[in-house]
Structure formats: C-alpha cells, structure tokens
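The shown structure was predicted, so the numbers you read here are calculated from the model rather than taken from an experiment.
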Amino acid sequence: MADWRNSVITERGRNLDAKVRAGRIKMEFTKFKFGSGQLDSYESATDLAEPRLNVGVTSIEPVETGVTEVSTTLTNANVTTGFNMREVGLFAKDPDLGEILYLVMTDPSYDFLPAKGGATVISVDFSIFIGVDDAGNTTAVLDPDGLLKLRDLTAHNNNTDAHSVLFTTDSTPDRDSDTTDSAISKLGARVKWVRSYVARKITDTLKTVDTKINEALAAYKNFKASQISDFAEAVLIAIRDKTFTTLGVTWSFTNPNAWYICFGVLFGGLIIQGGSNGGNADSNILLPIQYTKEYKVLATGTAAGQGYYTFLTAIKTNLASFKLNTYSGAGQLMAHNFDWLTIGR
C-alpha cells in the first residue's frame, strides 16, 4: 500500500518560495511527474531519478490557514509499460528559470502502476498538501483533462441549487409498509419518487403548451379585419424577400421606357426586357440590366403619317446594349417612334 513520505522542497523550490514571499510573483504549479527511481538526496535535483509519467494539475484549493492542497488525477491511460511508483515530483514555474522541480516525495512501500489495456484500469485522485504563507499567492496551471473527483461529485449532489438532490436528501420514507427488507424498501421509495418527479415534469410541460395555445387563440380572436390587407401585404413582401430574391427573381417597372423581369434559376436564368424610344433614326439602346450569355431583339415602329411605312434593323453591340436604325419605305434613315423587346439569359 502506498505510503508517500519524505517530502523535500528542492533548492530551486526554496528560492522560488523566497520570490513569492517577496511579492515578485504568485506561486504557479504546472504538473506532477511520477517515477520509478530514487535518489539519495533530492535537494539539488532538477528532475526525478527515473521519470515515467507526466500528469497535469487538476485543482488547487486552500484547505485551512497556511495549507494548500494541490491535486491531480493519476490514470494509466497513457502508460505503455507498467512501473513501480517510487517517486513523485511537483513542478512549478520560476520567472527566471522556467519550469522547475519544486517538491519531491518518495514511497518506500511503492505501488505498481500497470500499463493501459490490461484487466486493471486505474483512475485515482492524488493530492499534496503544501504549507504556504498566503494561499492567495498560490495558483496552478489546470489540466482540462482532469477527471471529476468523488468529493466534487458529492458536493454537487448535495447542492440544492444543482438539482433535486436525487437519492440523497429526498423526503421519501425509509420503508414501504408492504415490504420487509430495508434495502428493497428504500429502492421502492426511490422508484416512486422518480415516477412522481417525471409525472410532475410532464404535467408542467403540458400546462406550458396549453398556455401558449390559449395565448395564440386569444391573439387570433383579437385580430382586426382592418389588419388583413396589411397582413397580406406583409406576407407577400416576406415571400418576395425570403424566396424570390433568394432564387434570383427580380423585376422593375419604375421606368416604362426601360423595364425588366428576371425569372431566376428555376427558369434557367431567363430575362425579359423592354421599352420604347423615338425621335432618332439611329439609336443606341442601353439595356436596364446586362445579359450574361445571349439574347434576341424584337422591335416594331410606326410611320409619321398615312401612306408611309417603315422597317427597322437591330444590331447587337454587346450584352449590355444594341443599336436600332429606322428607315422609311424608300430605304432612307428616318426618325420614328418604336417599341423594343429582348429575351435572353
């Protein structure tokens, strides 16, 4: 059975204590090391005789005036070869030297730590109690992989703010009237308590749902008819913003002489644009929006008076514009009014 004794603070550890007492720094413990060797003296040592396993600090707590508990969780999860635990070292951070061996303890009645993967799985809390002048000047580099300690779990279970203190402080009777065995009686009482607890939670949830439904029904009953048109408009705007815009469906008719409709990805990126123009025999038409692939042009015009007829030619300049010429029946350039339409993508 383990019997850790012969605690020795190294020379570097005593020098670090002096720096802490002088107010230069706070004590900062960084890790534990477990080893299988043993030195005659550790006062001038900078490491264990045969270090075998490093584990992080999981907590540091002042337990009484002048005494601080530094803890870790010892497991064989990372041990590939078992070893006898003869020595343990606590390391700390020195502002001038970096990480140093602060304290060593040895165990003449050492235990064997088996390798991982065997029949025995080890997970044990290990603590060292250190006398310090001011517990407030002691800190630790905590290991996030540290396991939950039994006393931490017990404290949590007994905390009335954490939960309903299941199976520890509930008010169920010690015995059931129809049983004779105390253990069975206590278990039966616990099962009844859990059943009652679950039933209460379900009932509370159903009440909450019922309340929300009643609130929704009340809001519906108070809905005014005058709000329907505004509500419908809001729905259409929401559909436009959340669905049409997302799918690339857009349009603009603000300018009747240059309008467009984009049908989006569901229609292969189809775009229709149109407008009116006139007064020039030779016109350059700038499209409201630019096509990305190709488009076709359709244009119609009217003569200035009876007996006249016109024809038009449209020449695509690029994906953003086209040129339109209007001619008289004699084939001469002549200014006329015309309408145009383009289809493309």
For this session: Say whether Ser127 and Glu69, considering side chains only, have a donor N or O and an acceptor N or O under 3.5 Å apart.
Result: yes
Exercise. Taking all atoms of both residues into account, what is the closest heavy-atom pair of Phe263 and Phe267, and its distance?
Worked result: O-CD1, 3.4 Å
For this session: Calculate, to the nearest 0.5 Å, the distance between atoms CZ and CD belonging to Arg52 and Glu50 respectively.
Result: 7.0 Å
Exercise. With a cut-off of 6.0 Å (strictly less than), are more than 12 heavy atoms of other residues, nucleotides or ligands near CG of Asn78?
Worked result: no
For this session: Return the minimal non-hydrogen interatomic distance between Leu16 and Pro95, and the atom names on each side.
Result: CD1-CD, 4.0 Å
Seminar exercise, completed: Residues Thr30 and Ala92: closest non-hydrogen pair is OG1-N, 3.8 Å
Exercise. Are the side chains of Asp17 and Ile9 in touch, meaning some heavy atoms are under 4.5 Å apart?
Worked result: yes
Exercise. Can you tell me if Thr342 and Tyr260 form a side-chain donor-acceptor pair at under 3.5 Å?
Worked result: no
Exercise. What do you reckon, are the aromatic ring centroids of Phe34 and Phe83 less than 6.0 Å apart?
Worked result: no
For this session: May I ask whether Val104 and Leu53 are part of the same hydrophobic cluster, defined by side-chain heavy atoms of I, L, V, M, F, W, Y residues being less than 4.5 angstrom apart, directly or through others?
Result: no
Exercise. Under the side chain to side chain contact (heavy atoms under 4.5 Å, CB included) criterion, do Met105 and Leu103 qualify, and how do the steps go?
Worked result: CA-CA 7 Å; Met105 296 179 67; Leu103 175 147; 3.8 Å; yes
Exercise. Salt-bridged, Lys33 to Glu87, with N to O below 4.0 Å?
Worked result: no
For this session: Could you tell me whether a side-chain N or O of Thr72 sits under 3.5 Å from a main-chain N or O of Gly56, the two making a donor and an acceptor?
Result: yes
For this session: State whether the side chain of Thr58 and the backbone N or O of Ser71 hold a donor-acceptor pair below 3.5 Å, judged by distance alone.
Result: yes
Exercise. Do the ring centers of Tyr102 and Phe29 come within less than 6.0 Å of each other?
Worked result: yes
Exercise. Heavy atoms, side chains only, cut-off 4.5 Å: are Leu90 and Val88 in contact?
Worked result: no
For this session: Please report the shortest heavy-atom distance between Leu74 and Met85, naming the atom on each side.
Result: CD2-SD, 3.5 Å
Exercise. Out of curiosity, Lys93 NZ to Lys31 NZ, how far, rounded to the nearest 0.5 Å?
Worked result: 13.0 Å
Exercise. Should the pair Asp96-Arg24 be classified as a salt bridge under the 4.0 Å nitrogen-to-oxygen rule?
Worked result: yes
Exercise. Hey, mind stepping through Ile271 and Ile289 against side chain to side chain contact (heavy atoms under 4.5 Å, CB included) and telling me if it holds?
Worked result: CA-CA 9 Å; Ile271 301 174; Ile289 60 174; 3.8 Å; yes
For this session: Indicate whether the side chain of Glu43 and that of Thr10 have a donor and an acceptor atom separated by less than 3.5 Å.
Result: no
Problem set entry | Ser7 side, atom OG; Ile130 side, atom CD1 - distance, nearest 0.5 Å | 8.0 Å
For this session: Working to the nearest 0.5 Å, report the span between CZ of Arg86 and OG of Ser109.
Result: 11.0 Å
Exercise. Going from CG on Asn15 to CG on Leu97, what distance comes out if it is rounded to the nearest 0.5 angstrom?
Worked result: 8.0 Å
Problem set entry | Any side-chain heavy-atom pair of Phe32 and Ile128 under 4.5 Å | yes
For this session: Group every Ile, Leu, Val, Met, Phe, Trp and Tyr by side-chain heavy-atom contacts under 4.5 Å, then state whether Trp340 and Tyr291 land in the same group.
Result: yes
Exercise. Is the side chain of Gln273 donor-acceptor paired with the backbone N or O of Leu287 at a distance under 3.5 Å, no angle test?
Worked result: no
Problem set entry | Mutual orientation of the aromatic rings belonging to Tyr295 and Phe322 [parallel < 30°, tilted 30-60°, perpendicular > 60°] | tilted
Exercise. Same cluster for Phe253 and Leu286 if Ile/Leu/Val/Met/Phe/Trp/Tyr side chains link at under 4.5 Å?
Worked result: no
Exercise. Roughly how far apart are Glu11 CD and Arg14 CZ, rounded to 0.5 Å?
Worked result: 5.5 Å
Problem set entry | Considering all heavy atoms, the nearest Val79-Pro114 contact | CG1-O, 3.9 Å
Seminar exercise, completed: Scanning both residues in full, the closest heavy-atom pair of Ala115 with Asn76 reads O-ND2, 3.5 Å
For this session: Apply side chain to side chain contact (heavy atoms under 4.5 Å, CB included) to Val70 and Val57, showing your working.
Result: CA-CA 7 Å; Val70 184; Val57 175; 4.0 Å; yes
Exercise. Would you call Ile25 and Val20 a side-chain contact if the rule is heavy atoms closer than 4.5 Å?
Worked result: yes
Problem set entry | Verify same cluster id: Val297, Ile285 (apolar side-chain graph, 4.5 Å) | yes
For this session: Say whether Asn84 and Ser36, considering side chains only, have a donor N or O and an acceptor N or O under 3.5 Å apart.
Result: no
For this session: Check for a donor-acceptor pair, side chain of Asn318 on one end and backbone N or O of Ser321 on the other, with a separation under 3.5 Å.
Result: yes
Problem set entry | Residues Thr317, Ile315; criterion side chain to side chain contact (heavy atoms under 4.5 Å, CB included); working and verdict | CA-CA 6 Å; Thr317 307; Ile315 302 173; 5.5 Å; no
Problem set entry | Any donor-acceptor N/O pair, Arg12 side chain to Leu101 backbone, under 3.5 Å | no
For this session: Please answer: with hydrophobic residues joined when any side-chain heavy atoms are less than 4.5 Å apart, are Leu48 and Leu113 in the same cluster?
Result: no
